[in-house]
Amino acid sequence: QVQLVESGGGLVQAGGSLRLSCAASGSIRSIYAMGWYRQAPGKQRELVATITNGGSTNYEDSVKGRFTISRDNAKNTVDLQMNSLKPEDTAVYYCNSAGFSTRWPWGQGTQVTVSS
């Protein structure tokens, strides 16, 4: 079964940037849409960005203009470039398939902490 490993998180000041990377142990080429999710303490996981095999992207309103999702099917990776970070972005970030397809088992995620 496919394993997902997220990396790139850290502690940054408001206004800073981070680039997150998701490495899948198996092919993502057949997955129509991949996404980045985040979960803050006491809250449900939310989908923040998606990207299709054709390169179409969608973003949750709160991150539009600040986050950019990308995928490399040859490397089985999905990245999330995060700019102009805000304290409200603090969460554990996960990658997985998106849409109506079944989610793969969740990875451990990567912690993003934005200080004010």
Side-chain angles (χ1 to χ4, degrees):
Q1 197 169 24
V2 171
Q3 290 183 302
L4 300 167
V5 180
E6 299 92 348
S7 62
L11 173 63
V12 298
Q13 292 184 323
S17 297
L18 284 172
R19 188 176 184 89
L20 308 183
S21 184
C22 168
S25 65
S27 177
I28 65 169
R29 189 169 285 108
S30 65
I31 305 300
Y32 176 70
M34 293 292 296
W36 277 94
Y37 304 73
R38 67 186 180 188
Q39 186 170 27
K43 295 184 178 180
Q44 188 177 0
R45 251 189 208 100
E46 66 172 344
L47 182 63
V48 298
T50 63
I51 183 167
T52 69
N53 270 324
S56 296
T57 58
N58 282 288
Y59 299 93
E60 198 273 328
D61 287 344
S62 67
V63 308
K64 285 181 179 177
R66 300 188 298 118
F67 290 11
T68 303
I69 187 172
S70 60
R71 68 190 286 173
D72 187 337
N73 286 349
K75 293 183 176 181
N76 297 317
T77 59
V78 185
D79 287 2
L80 185 70
Q81 177 67 46
M82 306 186 296
N83 299 323
S84 302
L85 284 162
K86 303 175 180 180
E88 307 93 88
D89 296 319
T90 296
V92 178
Y93 284 71
Y94 304 84
C95 67
N96 215 319
S97 59
F100 293 107
S101 61
T102 303
R103 306 286 86 78
W104 282 319
W106 297 97
Q108 295 300 304
T110 186
Q111 176 72 51
V112 171
T113 303
V114 184
S115 64
S116 60

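Values reported hereafter were calculated over all heavy atoms of this structure, with side chains retained and with hydrogens, waters and symmetry mates removed. Here the structure is a predicted model, which is why all the values come from computation and not from measurement.
Between Asp89 and Lys86, none of the side-chain N atoms (NZ, or NE/NH1/NH2) sits under 4.0 Å from a carboxylate O, so this pair counts as no salt bridge.
Inter-residue side-chain proximity for Ile69 and Tyr59 is flagged as met; some heavy-atom pair is nearer than 4.5 Å. By the 4.5 Å heavy-atom criterion applied to side chains, Gln111 and Thr90 are counted as neighbours.
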Assess the residue pair Tyr94 and Val48 against the criterion (side chain to side chain contact (heavy atoms under 4.5 Å, CB included)); give the C-alpha distance rounded to whole Å, side-chain angles, the decisive distance to 0.1 Å, and a yes or no.
CA-CA 10 Å; Tyr94 304 84; Val48 298; over 6 Å; no
Under the criterion side chain to side chain contact (heavy atoms under 4.5 Å, CB included), I'd like the reasoning laid out for Gln13 against Val114: C-alpha separation, chi angles, the key distance, then a yes or no.
CA-CA 5 Å; Gln13 292 184 323; Val114 184; over 6 Å; no
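With hydrogens and angles disregarded, no donor-acceptor distance shorter than 3.5 Å links the side chain of Arg45 to the backbone of Gln39. Glu60 places no side-chain N or O within donor-acceptor distance of the main-chain N or O of Ala49, the cut-off being under 3.5 Å. Side-chain N or O atoms of Ser101 include one that pairs as donor or acceptor with a backbone N or O of Ala98 at under 3.5 Å. Side-chain N or O atoms of Thr110 include one that pairs as donor or acceptor with a backbone N or O of Gly9 at under 3.5 Å. Looking only at distances, a side-chain donor or acceptor of Asn96 sits under 3.5 Å from a matching main-chain atom of Trp104.
A side-chain donor-acceptor contact under 3.5 Å links Ser97 and Arg103. Using modelled atom types, one finds a donor on one side chain and an acceptor on the other under 3.5 Å when comparing Tyr93 with Arg38. Between the side chains of Asn76 and Arg71, not a single donor N or O lies within less than 3.5 Å of an accepting N or O.
When all heavy atoms of Ile31 and Asn53 are compared, the closest pair comes out as O-ND2, 3.2 Å. The two residues Ile28 and Thr77 make their nearest non-hydrogen contact at CD1-O, 3.9 Å.
Annotation: the span from Arg66 atom CZ to Ser84 atom OG amounts to 7.0 Å, rounded to 0.5 Å.
Leu4 and Tyr37 fall into different hydrophobic clusters, where Ile, Leu, Val, Met, Phe, Trp and Tyr residues are linked whenever their side-chain heavy atoms come under 4.5 Å apart, directly or through other members. Cluster membership check: Val92 does not share its hydrophobic cluster with Val63, using side-chain heavy-atom separations under 4.5 Å among Ile, Leu, Val, Met, Phe, Trp and Tyr.
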With a cut-off of 3.5 Å and sequence neighbours excluded, list every side-chain donor-acceptor pair involving residues 17-26.
from	atom 1	to	atom 2	distance (Å)
Ser17	OG	Asn83	OD1	2.9
Arg19	NE	Asp79	OD2	3.3
Arg19	NH1	Gln81	OE1	3.1
Arg19	NH2	Asp79	OD2	3.4
Ser21	OG	Asp79	OD1	3.1
Ser25	OG	Gln3	N	2.7

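In summary, the aromatic rings of Trp36 and Phe67 are positioned with their centroids too far apart to meet the 6.0 Å limit.
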